[in-house]
**Q** 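Please find one structure pasted underneath; my questions will follow.
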There are 4 protein chains.
Amino acid sequence: MRSDTGRDGGRTFTERARREQILACAVEAIAELGYARASLAEIARRAGVSKGVVSYYFPGKDRLLEQVVADVYTRAGAAIAAATAGRTGAAFLRAYLEANLGFLADHPADIRAVTEIVMNLRGPDGAPRFAPTGEDPVLGHLEQMLRDGQQAGEFRDFDARSMAVLLRGAVDTASGRLVTDPGFDLAAYTRELMATAELATRRVR
Amino acid sequence: MRSDTGRDGGRTFTERARREQILACAVEAIAELGYARASLAEIARRAGVSKGVVSYYFPGKDRLLEQVVADVYTRAGAAIAAATAGRTGAAFLRAYLEANLGFLADHPADIRAVTEIVMNLRGPDGAPRFAPTGEDPVLGHLEQMLRDGQQAGEFRDFDARSMAVLLRGAVDTASGRLVTDPGFDLAAYTRELMATAELATRRVR
Amino acid sequence: MRSDTGRDGGRTFTERARREQILACAVEAIAELGYARASLAEIARRAGVSKGVVSYYFPGKDRLLEQVVADVYTRAGAAIAAATAGRTGAAFLRAYLEANLGFLADHPADIRAVTEIVMNLRGPDGAPRFAPTGEDPVLGHLEQMLRDGQQAGEFRDFDARSMAVLLRGAVDTASGRLVTDPGFDLAAYTRELMATAELATRRVR
Amino acid sequence: MRSDTGRDGGRTFTERARREQILACAVEAIAELGYARASLAEIARRAGVSKGVVSYYFPGKDRLLEQVVADVYTRAGAAIAAATAGRTGAAFLRAYLEANLGFLADHPADIRAVTEIVMNLRGPDGAPRFAPTGEDPVLGHLEQMLRDGQQAGEFRDFDARSMAVLLRGAVDTASGRLVTDPGFDLAAYTRELMATAELATRRVR
DNA sequence: CATGAATGAGGCTTCATTCAT
DNA sequence: GATGAATGAAGCCTCATTCAT
C-alpha cells in the first residue's frame, strides 16, 4: 500500500483525481464549445488522456454529464446554503441572490455547462432528463422562503411561484450573458437585480 | 411554368409554400425533440417530403436553422412593434411585456425552437452564431426605451442595460417553463412580471 | 416512372436488389469468417458499398441477421414443403431428409450462416434470440409427422420428440461438416442417414 | 516462496488453483452469456480477481479458451475411456453413447462452453481453430471402433465414417438442447439414441 | 503475485450532404 | 423540381492487452 493508493470511500486517490479532472475538462469543453460539440474525444483531449479513459471512469457519456450537474449543484447548493443560513424574508432573499450571482461570478463555466446539459440532455425516450418541473427542488425552496416571508408580513401578497420563477430566470440569464457577452457588467446586474427584488417583494404601505 | 406557379419576388408560389412548410416542420421537430435529435431526416419526414427537398430549398442545415430564427424573430418583432406602437415609458413597458408573453402563449413551439437554436447553433469556428452580445438589437431597443423613460422622468434611475437584461431573462425563462413544466401558469406569471416591472422601474417619491 | 423504379410491395427495384445483395454478402461473410468476424464493415466491403449503406437498408445489425435467418428459413421451408407435399409416414421421412440434405448440398453457406446466427445472436437482455425451445415450429412439424406415422402403424413406438431431435441433429451436423471438413462425403452421409432413419423408425415384426 | 506454495510440476499450489478457478469461471461465463459476451473482464469478475491476473496466467484470451477446450476434452475423454475400456462392438457403442450423454448430463456448462468456443474461436488468419476435419481424433476413434465391429461381424455393412458423424451429431445436438430447451428430456433422448444406434448398426439377419 | 490504470483498435450507428435519374 | 441512393465522417462504446507500482 503506497501513499498514492490510499483508499477513501472505496476509491483510490488517483481514481478520484482522474474523475475530478475529467469532470473539470467536461465542464470546460461544454462551456466553451457548447453541448453538441463537446464530444468524449474533445474532453479526453483536454484531459490529456485517451478516449477510453473517460469510458473507464464513467459508464457512458450520459452518466458523466449527470455527474457534472450533480457536482456543480452540490457545490453551488453548499455555497448558497452557507450564505443564507439562518436568514429569512428580505435578508434571505438578498443573501440568496448575492450568493447565486457570486457563485456565477466565481464559476461561470460551471454554470454555463450545467445550463447546457440541463437544456440538452435527454433520456433514451427523448424526454429531457433535467426538465424543470413543479417538483424542482431548487425552485421549490425559493418559493417556500418567499411564502414564509409573506406569512411573516415582510413581503407583499404576490404569487410566490411566479416570483420564484422570475427571480431564477433573472439569475440564470446572467450566466448566459457572462459567457457570451464580453461587455456584461455582473456587478451592476447584481445591484439591479437585488434592488428589483427588494422593490418587487416588499410590503407596500 | 404552370398556372399555379405565379411568381412573387423571384419565387414561385409552390416554392414559397414548400419553404414555409419546411420551416414550420423544423420548428415543430426542434421544439418537440430538442436540437440534437431534430435531424434533417426527421424534419423531412414531418413535412412529408424526401430529405433531398430540404437540401434543395436550403443550402445546408445551418441556413435552415438561421432562417427559422429570422422567421420567428420577424413575426415576433412585428407583433410586438404593433402592440407598442406610439407608446413610451411605463405604457410601453406594459405593452412590451404583455406582447412578449402573449406571443409566447400563442407560439410556444416557435419560441422554444428559437431558444434551442440560439443556444446551440455554432459557426465553423465553434463560436455561437446568435450569442447575445452588446449589439443585440432586441435588447438594445428595450434598453433605449427604458432610457427614454428615465429621461422623461417616468422611471427611476436604474442601470438601463441591467434592467433590460433582467426583463428579457424573465421573459425568456417563461418560454422554457411553458414547454417543460406542465403546471406553469402563464397568466399568473404575466401578471407578476408586469407588477414587478412596474415596481422596479417607477420613480420612487 | 422509369423501368428501374417500378414498385413492388412498396419497395423499388433497386432497393430490393440491394437488400438481397447485402443479405447474400452477409451470408457469405458469416459462413466464411464466422459470426464474430462478420462485421458490418466486412459485409459492406464484400458488397462493394460503404458501411452506411447497410445501415441504410437495415435498421441495425440485429435486424439484418434476423432477416438472413428468416430468408433462409423461408426458402428452405418452401423447398422441403414442396418435396414432402402429400406424403406421410416413411415416405414423408425419406423425402424430408432428402430435401433437407439436398438444400444443404445446394446452399451450404446459407445453412452455415443461419447456424452461426442462431447460436450467437442475442437480445439486449443477453437471452438467445433463436434458442430452440419446445415451441420450435420446424421441430414441431417433424415430431407431428412422426407421431402420425406411429398412429398409422407404419412406425414403431419410439419417443417422437426425441427422435425428431435426433434426426434434426443428424441433419444439422452435416452443415457443419460440409463447410469445415473438406473430406466430408455428403452423398454417402445422406444414404446412411436415410438408412438409419428407416431402420430406427420402422415397425419391428 | 512460502510453505503454502509447495511445487508440483514447476507450478506452485496456488498457481494451479488459480488456473483452475479461472478456467472454471471462463466455462461458466461462456455457457451463460455466450461466446461474444464472455469478456476477460467478466471472467475476472466471476473469479473475483482483477483482469491482470487472467493475463498473468494465460498469455492471451485465445490461449485461455484453447485451454478450456483441452481441459474439458481431457476430462470427458477420460470418463468415456473409463466407461468403454475393454469393450468392442455393440457393447462399446452402448457404453460410448451412455458415457457421452452421461458426461453431458453431469457437465452441461462445460459442453456448452466448448461448443461455443469450437464454433467461434479462429486463428489470426480467420481459419477455425477447432474445425472438425478428417483428422478429428474423437471422430476417428469412434469410426475405428465401428469398423472393428463390422469386421467382427457384429455390425452391418454401413459407411463407418458417415455413421460416426451421424452419431456424434446426435450426441452434440443434445448439448445444445440441454442448455436452451428447458423441456428437453435427456433420459428419454438417451434411451432413443441408444435404441436407434442399435437398430441402425446391427447385422440384419 | 496482483492490481489499477491506460491504451488503441475496432464495432455499430447516426447524420448532413451529394448525385444520378 | 423531386427522389432515392450512397457516402464518409464522427460519435459512443467495448474490449484485449500492456505496464508501472
Side-chain angles (χ1 to χ4, degrees), chain A residues 1-5 7 11-15 17-18 36-44 47-62 64, chain B residues 1-2 5 12 14-15 18 36-44 49-62 64, chain C residues 1-5 7 11-15 17-18 36-44 47-62 64, chain D residues 1-2 5 12 14-15 18 36-44 49-62 64:
Chain A
M1 196 89 42
R2 300 288 172 64
S3 63
D4 72 336
T5 57
R7 296 194 155 269
R11 295 222 170 90
T12 62
F13 173 77
T14 23
E15 178 162 2
R18 263 275 184 270
R37 293 188 181 236
S39 66
L40 284 192
E42 176 63 25
I43 293 169
V49 297
S50 85
K51 235 176 7 173
V53 174
V54 180
S55 295
Y56 181 79
Y57 284 97
F58 297 90
K61 193 187 189 187
D62 291 9
L64 166 58
Chain B
M1 212 64 53
R2 303 286 176 61
T5 57
T12 63
T14 32
E15 187 164 356
R18 269 267 190 272
R37 293 182 184 239
S39 66
L40 283 191
E42 176 63 26
I43 293 169
V49 299
S50 81
K51 260 187 317 182
V53 175
V54 179
S55 295
Y56 180 82
Y57 282 100
F58 300 91
K61 193 186 189 187
D62 292 8
L64 166 58
Chain C
M1 197 87 43
R2 300 287 173 62
S3 62
D4 72 336
T5 58
R7 299 198 153 268
R11 295 219 171 91
T12 61
F13 172 77
T14 25
E15 177 162 2
R18 265 274 185 268
R37 291 187 183 238
S39 66
L40 285 192
E42 177 62 26
I43 293 170
V49 298
S50 84
K51 235 177 7 174
V53 173
V54 180
S55 294
Y56 181 80
Y57 284 96
F58 298 90
K61 193 185 188 187
D62 292 8
L64 166 59
Chain D
M1 220 59 55
R2 302 288 173 61
T5 59
T12 64
T14 33
E15 188 165 355
R18 269 267 189 272
R37 293 183 186 239
S39 67
L40 285 191
E42 177 62 25
I43 293 169
V49 299
S50 82
K51 260 186 317 182
V53 175
V54 179
S55 295
Y56 180 82
Y57 283 99
F58 299 90
K61 193 184 188 186
D62 292 7
L64 165 58

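Just so we're clear, the structure is a prediction, and the values are computed from it rather than from any experiment. So that the names make sense, note that chain A is the first sequence line, chain B the second, and so on, each numbered from 1.
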**Q** Does R18(D) put a side-chain nitrogen or oxygen below 4.0 Å from OP1 or OP2 of dA2(E)?
**A**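 So the side chain of R18(D) is within the cut-off, an N or O lying under 4.0 Å from OP1 or OP2 of dA2(E).
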
**Q** Write down the distance between CG (L40(B)) and C1' (dA9(F)), rounded to a whole number of angstrom.
**A**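 That distance rounds to 16 Å.
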
**Q** Determine which nucleotide pairs with dC12(F), using a 3.5 Å limit on both distances of a Watson-Crick or G-U wobble pair.
**A**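 Pairing partner: dG11(E).
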
**Q** Check the phosphate of dA6(E) against Y57(A), side-chain N and O only, distance under 4.0 Å to OP1 or OP2. Yes or no?
**A**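 So the side chain of Y57(A) is within the cut-off, an N or O lying under 4.0 Å from OP1 or OP2 of dA6(E).
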
**Q** To the nearest 0.5 Å, tell me how far K61(D) NZ sits from S55(D) OG.
**A**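 The OG atom of S55(D) is 11.0 Å from NZ of K61(D), to the nearest 0.5 Å.
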
**Q** Would you mind telling me which of dA6(F), dT17(E), dA5(F) lies closest to the side-chain atoms of S55(B)?
**A**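 The listed nucleotide nearest to S55(B)'s side chain is dT17(E).
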
**Q** To the nearest Å, give me how far apart CD (E42(B)) and P (dA16(E)) are.
**A**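 Atom-to-atom, E42(B) to dA16(E), this comes out as 11 Å.
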
**Q** Specify the separation, in whole Å, of atom CD of E15(C) and atom C1' of dG4(F).
**A**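 So the CD-C1' distance, E15(C) to dG4(F), works out to 9 Å.
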
**Q** Using every non-hydrogen atom in the two residues, find where E42(A) and R37(A) come nearest and quote the distance to one decimal.
**A**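 Closest approach of E42(A) to R37(A): CB-O, 4.3 Å.
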
**Q** Atom CZ of F58(A) to atom P of dA6(E): distance rounded to whole Å?
**A**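 F58(A) atom CZ is separated from dA6(E) atom P by 12 Å.
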
**Q** In whole angstrom, give the distance that lies between atom CG of D62(B) and atom P of dC15(E).
**A**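 Value for this atom pair: 16 Å.
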
**Q** Using atom CZ of R37(C) as one end and atom P of dC12(E) as the other, report the distance to the nearest whole Å.
**A**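 Those two atoms, CZ and P, are 14 Å apart.
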
**Q** Closer to the 5' end of DNA chain E via nearest nucleotide, is it A41(C) or S39(B)?
**A**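 Going by which nucleotide is closer to the 5' end, it is A41(C).
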
**Q** When you measure from the side chain of K51(C), which nucleotide among dA2(E), dC13(F), dA10(F) comes out closest?
**A**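 Among dA2(E), dC13(F), dA10(F), the one nearest the side chain of K51(C) is dA10(F).
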
**Q** For dA20(F), give its Watson-Crick or G-U wobble partner with both distances under 3.5 Å, or none.
**A**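 Its partner is dT3(E).
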
**Q** Write down the atom of Y57(C), the atom of T14(C), and the distance for their closest heavy-atom approach.
**A**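 Smallest interatomic distance, heavy atoms only, reads OH-O, 4.5 Å.
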
**Q** Please tell me which of Y56(B) and P59(A) maps to the more 5' nucleotide of DNA chain F, matching each residue to the nucleotide holding its nearest heavy atom.
**A**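 Upstream on the strand: Y56(B).
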
**Q** Measuring from K51(B):NZ to I43(B):CD1, what's the distance to the nearest 0.5 Å?
**A**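 Answer for the NZ-CD1 pair, K51(B) versus I43(B), is 12.0 Å.
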
**Q** Is S50(D) near enough to dA2(E) that one of its side-chain N or O atoms lies under 4.0 angstrom from OP1 or OP2?
**A**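 For dA2(E), OP1/OP2 do not have a side-chain N/O of S50(D) under 4.0 Å.
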
**Q** Hey, could you give me the CZ/OH distance between R18(B) and Y56(B), rounded to the nearest 0.5 Å?
**A**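 Answer for the CZ-OH pair, R18(B) versus Y56(B), is 11.5 Å.
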
**Q** Ignoring hydrogens and angles, are the base of dT13(E) and the side chain of K61(C) linked by a donor-acceptor pair under 3.5 Å?
**A**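 In this structure, the two groups form no donor-acceptor pair.
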
**Q** Let me know, please, whether V49(B) or A36(D) comes out on the 5' side of the other along DNA chain F by nearest nucleotide.
**A**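 With V49(B) and A36(D) compared, the 5'-side residue is V49(B).
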
